[in-house]
Every structure is written in C-alpha cells, then in structure tokens.
Amino acid sequence: MSSQGRPPLDRIFLTGASSGIGRGLALALARPGRAFGLVARRAPLLEELARELEARGCRALVMPADVRDTDRMVEIAGTFLDEVGGIDLVIANAGIGEGRRNAPIDPRRVAEVLAVNVIGVANSVSPFVTPMRNQGSGTLVAVGSVAGFRALPGSVSYSASKACVATLMDGLRMELHGTGVHAMTLCPGFIRTPLTDKNEFSMPFLMDCDRACRAMVEAIERRKDTYVLPWQMRVGSALLRHGPEWFVRRATARRGA
C-alpha cells in the first residue's frame with residue numbers, strides 16, 4: 001500500500017483505450033514511471049496515446065486486439081505481465097452501444113453487443129485473476145453503466161450486457177475477498193465522448209469526459225465496490241431499479257429513445 005493507504009497503480013492494463021473514456025482514464029492515470037498496456041482495435045490511435053503517455057514519463061505498450069478474441073487477450077495479458085513484472089490495475093473499458101432507438105431488433109447487433117460488452121470484459125479481466133491472487137494485490141475494474149440497473153426500451157441488449165458486467169464483478173469481489181485483490185464496477189451515466197456525440201436524443205446530466213475520468217480514478221484509488229456518476233444518476237439509478245414499468249416507459253419516451 002502507498003503512504004496514503006492506497007494500493008499502487010503502477011502497472012495498468014486498459015482496454016478500449018483508443019478514444020473516449022478509455023483514453024481519458026489513461027491520461028488521468030498518467031504519472032511518471034507508470035506502465036500501460038493499451039488495448040483497442042485501432043492501432044494508430046493507440047500509438048498516438050502512447051506518445052502522449054511517454055511524454056508524461058510513462059511506459060506504454062501498444063497491444064492491438066479485439067477483446068472478443070479470447071486467445072489473443074490471453075496472449076497479450078501474458079506479454080504485459082512478462083514485460084512489466086506484474087499487474088496493479090486492469091480496466092475493462094471496451095464496449096459498444098446498441099444505437100437502435102425505435103428500429104426493430106437486429107439479431108446480429110444483439111450478438112455483437114453481448115460479445116463485446118460481456119465476453120470482452122471477461123476476456124480482459126479473467127487472465128489477470130490468478131496473477132493478482134498469486135501476488136496478493138491488484139484491482140480489477142469493469143466499466144458498466146447506469147443502464148445496467150434496468151433494461152430500457154430500445155436498448156435492451158446494451159442494458160442486459162451492463163447488468164451482466166456488474167454481476168460478474170460483484171461475484172469476483174466476493175470470490176476474491178481476503179486475497180488482497182479487489183473487483184469493482186464503474187457505472188457512468190452520459191459522458192461526452194465521440195460515441196455520445198452521435199446520439200440524437202437528450203442526455204440528462206451529461207458530464208465532461210475529463211471530469212468524469214478524474215472522478216472514476218478517485219473511485220478506483222478508494223477501491224469502491226460500485227461507483228455511479230454523476231451524483232444525479234445515483235438517484236436516477238434507484239428510480240430505475242425500483243420504479244414501476246410505466247414510469248420507466250414514460251421516462252424513456254420523454255428521452256426520445
């Protein structure tokens with residue numbers, strides 16, 4: 001543990017690092033001497049981020065991969081562990097939205113959302129569980145969503161995928177209790193990113209990405225179990241969990257989904 005009683009975060013493996021929240025988290029975590037494993041499909045954007053991190057005194061390993069590819073994720077996890085000598089923090093951030101609104105369900109899109117958002121998270125986190133247990137320390141983080149608290153019309157596969165992510169991390173946290181390893185879920189509401197910039201509906205309590213990433217890093221350092229942001233969404237998440245279906249339908253209709 002650090003002198004402030006917080007665990008070290010010097011060796012960081014981050015998926016979905018090429019843009020949006022992933023890129024923002026990498027920059028928010030950048031400190032001289034830290035090592036990053038940067039994972040995404042778009043290698044040129046990872047190279048650009050790596051240069052920014054190196055300019056801040058960090059080491060950055062560019063590791064292009066599709067998080068759905070289990071064998072590839074196991075391979076690059078092993079490479080990262082060999083290169084930096086261990087792991088302090090894994091952030092499974094890679095994910096996609098449904099983007100369906102009032103259109104009919106597309107079975108292929110449903111499968112893609114579940115594969116990236118669920119299998120991708122499992123592929124990102126699980127290769128590091130045993131190494132963290134063996135070293136007696138580490139933090140496993142998955143980026144969920146407020147949408148995971150209740151399935152929303154027009155976004156059912158996305159909501160289901162994020163609910164699955166939260167359940168996975170809750171189970172891991174209980175399984176790893178007492179080992180020195182912590183598992184947690186970040187549940188953001190609407191964050192301004194290139195992905196949300198494409199949304200054609202209103203986004204209540206929209207949060208600046210840099211500010212959101214700083215708040216999420218603070219939650220990671222404090223090893224929260226589940227962290228919802230912004231604070232207004234903590235209230236909203238309770239309404240989503242416990243509100244009657246008619247309330248959720250009307251709220252969604254006003255939102256234009």
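Keep in mind it's a predicted model, so treat the numbers as computed, not measured.
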Please determine whether side-chain contact (heavy atoms from CB on, under 4.5 Å) holds for the pair Met169 and Met184, giving the CA-CA distance in whole Å, both sets of side-chain angles, and the decisive distance to 0.1 Å.
CA-CA 6 Å; Met169 301 309 286; Met184 59 179 288; over 6 Å; no

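- Residue Lys224 holds its NZ atom at 11.5 Å from CG of Leu186, rounded to the nearest 0.5 Å.
- Side chain of Ser159 to main chain of Ala147: a donor-acceptor pair is present (N/O by atom type, distance under 3.5 Å, no hydrogens or angles).
- Asp88 contributes atom CG, which lies 7.0 Å from atom CE of Met132 (distance to the nearest 0.5 angstrom).
- Here the closest heavy-atom approach between residue Ile191 and residue Cys209 is recorded as CG2-CA, 3.7 Å.
- For the atom pair CZ of Arg23 and CD of Glu52, the computed distance is 4.0 Å after rounding to the nearest 0.5 Å.
- Using a distance-only test at 3.5 Å, with no hydrogens or angles considered, no donor-acceptor pair links the side chain of Lys162 to the main chain of Arg150.
- Leu140 is not connected to Ile119 by any chain of hydrophobic side-chain contacts under 4.5 Å among Ile, Leu, Val, Met, Phe, Trp and Tyr, and they are in different clusters.
- Within the 4.5 Å cutoff, the side chain of Val129 has no heavy atoms near those of the Glu175 side chain.
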Run the side-chain contact (heavy atoms from CB on, under 4.5 Å) check on Ile105 and Val156 step by step: do they pass?
CA-CA 9 Å; Ile105 286 179; Val156 292; 4.3 Å; yes

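- Under the 4.5 Å side-chain criterion, counting only non-hydrogen atoms from C-beta, Val67 is not in contact with Arg41.
- For Leu38 against Ala60, the heavy-atom pair with the smallest separation is CD1-CB, 4.1 Å.
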Check the pair Ile87, Gln135 against side-chain contact (heavy atoms from CB on, under 4.5 Å), reporting the backbone distance first and the verdict last.
CA-CA 9 Å; Ile87 181 71; Gln135 70 186 20; 4.0 Å; yes

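- A donor-acceptor pair is defined here as one N or O able to donate and one able to accept, closer than 3.5 Å; such a pair exists between the side chain of Arg34 and the backbone of Leu9.
- In this structure, the side chains of Ile96 and Asn117 come closer than 4.5 Å at one or more pairs of heavy atoms.
- Exactly one residue among Ile220, Val217, Leu25 makes a side chain to side chain contact (heavy atoms under 4.5 Å, CB included) with Leu89. That residue is Ile220.
- Separation of atoms CD1 (Ile76) and CZ (Phe13) is listed at 4.0 Å; rounding is to 0.5 Å.
- Residues Asn123 and Asp69 form no side-chain contact, since every pair of their non-hydrogen atoms from C-beta on lies 4.5 Å or further apart.
- A distance of 14.0 Å separates CZ of Arg42 from CD of Glu47, quoted to the nearest 0.5 Å.
- Ring orientation note: the planes of Phe80 and Phe128 are nearly perpendicular, at an angle over 60° on the 30°/60° scale.
- Remark: the backbone N or O of Gly85 is paired with a side-chain donor or acceptor of Arg11 at under 3.5 angstrom.
- Residues Asn93 and Val141 have side chains not in contact (no heavy-atom distance under 4.5 Å, counting atoms from C-beta outward).
- The nearest pair of heavy atoms linking Val121 to Ala142 is CG1-CB, 4.0 Å.
- Considering all non-hydrogen atoms of both residues, Leu49 and Ala17 come closest at CD2-O, 3.2 Å.
- For the pair Asp210/Leu27, no side-chain contact is recorded, criterion being any heavy-atom separation below 4.5 Å from C-beta on.
- Not one N or O on the side chain of Arg109 forms a donor-acceptor pair closer than 3.5 Å with the backbone of Ser157.
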Quick one, Val116 with Arg68, criterion side-chain contact (heavy atoms from CB on, under 4.5 Å). Give me CA distance, side-chain angles, the key distance, then yes/no.
CA-CA 6 Å; Val116 174; Arg68 295 173 293 185; 3.6 Å; yes

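- Side-chain contact between Tyr227 and Glu218: absent, with no pair of heavy atoms (C-beta onward) separated by less than 4.5 Å.
- In terms of heavy atoms, Gly97 sits closest to Tyr158 at CA-CD1, 3.8 Å.
- Phe36 and Leu45 are assigned to two separate hydrophobic clusters, defined by single-linkage of ILVMFWY side chains at heavy-atom distances under 4.5 Å.
- At distances below 3.5 Å, at least one donor-acceptor pair connects side-chain atoms of Arg72 with backbone N or O atoms of Pro64.
- A salt bridge does not link Glu48 to Arg51: none of the charged nitrogens lies less than 4.0 Å from a carboxylate oxygen.
- Nearest heavy atoms, Arg173 versus Ala183: NH1-O, 3.0 Å.
- Under the side chain to side chain contact (heavy atoms under 4.5 Å, CB included) rule, Ile91 has a single partner from Thr15, Ile21, Leu29, Val125, which is Leu29.
- Remark: Asp225 CG to Asp170 CG distance equals 7.5 Å, nearest 0.5 Å.
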